[in-house]
Protein chains: 2
Amino acid sequence: MIPTDLIKGSLKTIVLKLLQENGRMYGYEITRRVEELTAGRIKLTYGALYPVLHKLENEGVLVTESENFNNRIRIYYSLTDKGHSVIAEKIEEMKMFIESLQNIINPQPGITYA
Amino acid sequence: MIPTDLIKGSLKTIVLKLLQENGRMYGYEITRRVEELTAGRIKLTYGALYPVLHKLENEGVLVTESENFNNRIRIYYSLTDKGHSVIAEKIEEMKMFIESLQNIINPQPGITYA
DNA sequence: TGCAATATATAACTATCTTATACATATAAC
DNA sequence: GTTATATGTATAAGATAGTTATATATTGCA
C-alpha cells in the first residue's frame, strides 16, 4: 500500500482524469476504478472523495445527474467545459511532477528537460 | 512550476534520497540540488525543509555535524543506519506511487503489475 | 551603499486529508 | 431468518503537514 501522504495532493487530478476518460462516473465507482488501475495500491477514502467532488461541483468543474439504480441513488459526475481545461492543465503538471520525481530517485548524468 | 500540493507528501523522500546519493548535505544545498535536478520545477521552502530535517534528526533518521564556512554556519545532515533503511522503504513506495499514477494518467489496456 | 546570494530558524495560519460515524438497500451465505 | 458483505452517499472532529511571513547574519558584487 502506498502511504496516504504521498497520494494526498494527487486526489483531484486522479478524479478528474478518470472522468475525462470515462465520460461520467459516480463516487463509489471512482474508488473502485482507482483500486483496479493501481492493483489495490491506492484506495480513496469517502471522507476525502465526496468533499472533493462537492467542491469541484461548486467551482463549476463538474456537473451532476442523479439516477436510481436498484433503489440506490447514484450521483453521476461529469466534466464541464471548464473541467476539461482544468484536467488538461493538471495532467501537464502531473507529468512534470512524475518526471521530476524520477530525476530525483533515479538520477542519471546528462538528463535534460525539453 | 509544479503546484506545492502535489509535492507536499514527497518532501521527506526527496530529502532522504538526496542524502543517500550524496553522503551528506546541508539544508540550503538540498534546496539548490532539488531545483537543479528538476529544472526549477520543484523549489523547497525553508519553512518546510528545516522543520522536516529537525524532525528526522529527532527520530534518529539523520545525524548532524556543524561546520563553519566563510563565517556562515553549515549544518550537514547524513543518514543513520535507520535512515538508510527508511529511505530504501520510501523509494519502494515512491516507485509504486509513480507506477500507479502513470496507470491512471496514461491508461493502457492489459497493463499488469509484477 | 544597496542588492542578491548564502545560511538557518520558527510561529501563525491554512488546507487537506483521516477517522469515525450515520443512514439505507441488495445479495449471498449460513 | 439472520448475519455479513457489498453497494451508495454524507459530514463533523481532529490530525498533519505544509505556506507565508518574519528574524538574524555574512559575503560579494555593482
Side-chain angles (χ1 to χ4, degrees), chain A residues 1-16 18-19 24-36 40 42-59 61-78 90 97, chain B residues 1-16 18-19 24-36 40 42-59 61-77 90 93 97:
Chain A
M1 269 287 286
I2 299 164
T4 56
D5 287 0
L6 227 44
I7 300 161
K8 275 193 180 185
S10 308
L11 177 56
K12 270 188 200 170
T13 305
I14 290 171
V15 168
L16 294 177
L18 289 187
L19 292 174
R24 64 173 210 169
M25 300 178 85
Y26 54 100
Y28 187 78
E29 186 185 9
I30 291 172
T31 66
R32 284 282 93 108
R33 188 84 185 108
V34 169
E35 281 188 52
E36 222 179 278
I42 295 181
K43 290 180 202 279
L44 305 186
T45 61
Y46 302 115
L49 178 64
Y50 288 113
V52 161
L53 288 172
H54 301 332
K55 198 186 171 197
L56 291 170
E57 191 188 358
N58 287 334
E59 289 171 0
V61 174
L62 301 178
V63 284
T64 60
E65 307 163 78
S66 293
E67 282 182 29
N68 224 290
F69 182 78
N70 273 6
N71 283 327
R72 287 193 211 93
I73 292 170
R74 281 183 182 172
I75 302 176
Y76 282 94
Y77 291 86
S78 50
K90 282 190 173 292
F97 178 52
Chain B
M1 270 287 285
I2 298 164
T4 55
D5 286 0
L6 226 44
I7 301 162
K8 276 192 180 187
S10 307
L11 177 56
K12 269 187 202 171
T13 304
I14 290 170
V15 168
L16 294 178
L18 290 187
L19 292 174
R24 63 172 210 170
M25 300 178 85
Y26 54 99
Y28 188 78
E29 186 185 11
I30 291 173
T31 67
R32 285 281 94 107
R33 188 82 185 110
V34 169
E35 281 187 52
E36 223 179 278
I42 296 181
K43 289 180 202 283
L44 304 186
T45 60
Y46 302 116
L49 178 64
Y50 288 113
V52 159
L53 288 172
H54 300 333
K55 199 186 170 197
L56 289 171
E57 190 188 359
N58 287 334
E59 291 171 0
V61 174
L62 301 178
V63 284
T64 60
E65 306 164 80
S66 293
E67 283 183 27
N68 225 288
F69 182 80
N70 274 7
N71 283 328
R72 287 194 212 90
I73 292 170
R74 282 182 181 172
I75 302 175
Y76 282 94
Y77 291 86
K90 282 191 173 294
E93 288 167 354
F97 177 53

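Note that the structure is a prediction, hence the values are computed from the model and not measured. Numbers restart at 1 for each chain; the letters A, B, ... are given by sequence-line order, proteins then strands.
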- Message: At 4.0 Å (heavy atoms only), tell me whether G27(A) reaches a base, stays on the sugar-phosphate, or touches nothing.
- Response: sugar-phosphate
- To the side chain of K8(A), which of dT19(D), dC17(C), dA10(D) is closest? dC17(C)
- Task: Can you tell me the distance, in whole Å, between the NZ atom of K12(A) and the P atom of dA15(C)?
- Result: 11 Å
- Query: Can you tell me if the side-chain N/O atoms of Y46(B) get under 4.0 Å from OP1 or OP2 in dA7(C)?
  - Reply: no
- Task: Looking only at side-chain atoms of A48(A), point me to the closest of dC17(C), dA26(C), dT19(D).
- Result: dC17(C)
- What distance do L62(B) atom CG and L19(B) atom CG have between them, rounded to the nearest 0.5 Å? 6.0 Å
- Query: What is the distance from CZ of F69(B) to C1' of dT8(C), rounded to the nearest Å?
  - Reply: 16 Å
- Message: What is the separation between atom CG on L53(A) and atom P on dT9(D), rounded to the nearest whole Å?
- Response: 9 Å
- Task: Report the distance from atom NZ of K12(B) to atom NZ of K90(B), rounding to the nearest 0.5 Å.
- Result: 5.5 Å
- Query: Is the phosphate of dA26(C), meaning OP1 or OP2, less than 4.0 Å from a side-chain N or O of N71(A)?
  - Reply: yes
- Query: Looking across every strand, which nucleic acid part, if any, lies under 4.0 Å from I75(A) by heavy atom: base, sugar-phosphate, or nothing?
  - Reply: sugar-phosphate
- Message: So, does R32(A) get its side chain near the phosphate of dT7(D), meaning an N or O under 4.0 Å from OP1 or OP2?
- Response: yes
- Message: Can you measure L49(B) atom CG to dA17(D) atom P for me and round it to whole angstrom units?
- Response: 15 Å
- Atom pair CG/OG1 of L11(B) and T4(B) - distance to nearest 0.5 Å: 11.5 Å
- Please determine if a side-chain N or O atom of Y50(A) lies less than 4.0 Å away from the OP1 or OP2 oxygen of dA10(D). no
- Query: Base, sugar-phosphate, or nothing for K55(A), non-hydrogen atoms under 4.0 angstrom?
  - Reply: sugar-phosphate
- Report yes if a side-chain nitrogen or oxygen of Y28(A) is closer than 4.0 Å to either non-bridging phosphate oxygen (OP1 or OP2) of dT9(D); otherwise report no. no
- Message: So, OP1 or OP2 of dT8(C): does either fall under 4.0 Å of a side-chain N or O from H54(B)?
- Response: no
- Message: To the nearest 0.5 Å, what is the distance between OH on Y28(B) and CD1 on I75(B)?
- Response: 15.5 Å
- Task: Could you tell me which nucleotide pairs with dC30(C) by Watson-Crick or G-U wobble geometry, both distances under 3.5 Å, or answer none if nothing does?
- Result: dG1(D)
- Contact under 4.0 Å: T4(A) side-chain N or O vs dT18(C) OP1/OP2: yes
- Message: Would you say R72(A) places a side-chain N or O within less than 4.0 Å of OP1 or OP2 belonging to dA6(D)?
- Response: no
- Task: Run the numbers on E35(A) and R32(A) for salt bridge (Lys or Arg N to Asp or Glu O under 4.0 Å), then give the verdict.
- Result: CA-CA 5 Å; E35(A) 281 188 52; R32(A) 284 282 93 108; 3.5 Å; yes
- Query: Whole Å only: how far is the CD1 atom of I73(A) from the P atom of dA6(D)?
  - Reply: 22 Å
- In whole Å, what is the span from the CG atom of D5(B) to the P atom of dC17(C)? 8 Å
- Note on the structure: E35(A) atom CD is separated from dG8(D) atom P, nearest whole Å, by 14 Å
- Rounded to whole Å, the CG-C1' distance (L6(B) to dT19(D)) equals 16 Å
- Query: Distance from M1(A) atom CE to E93(B) atom CD, nearest 0.5 Å?
  - Reply: 10.5 Å
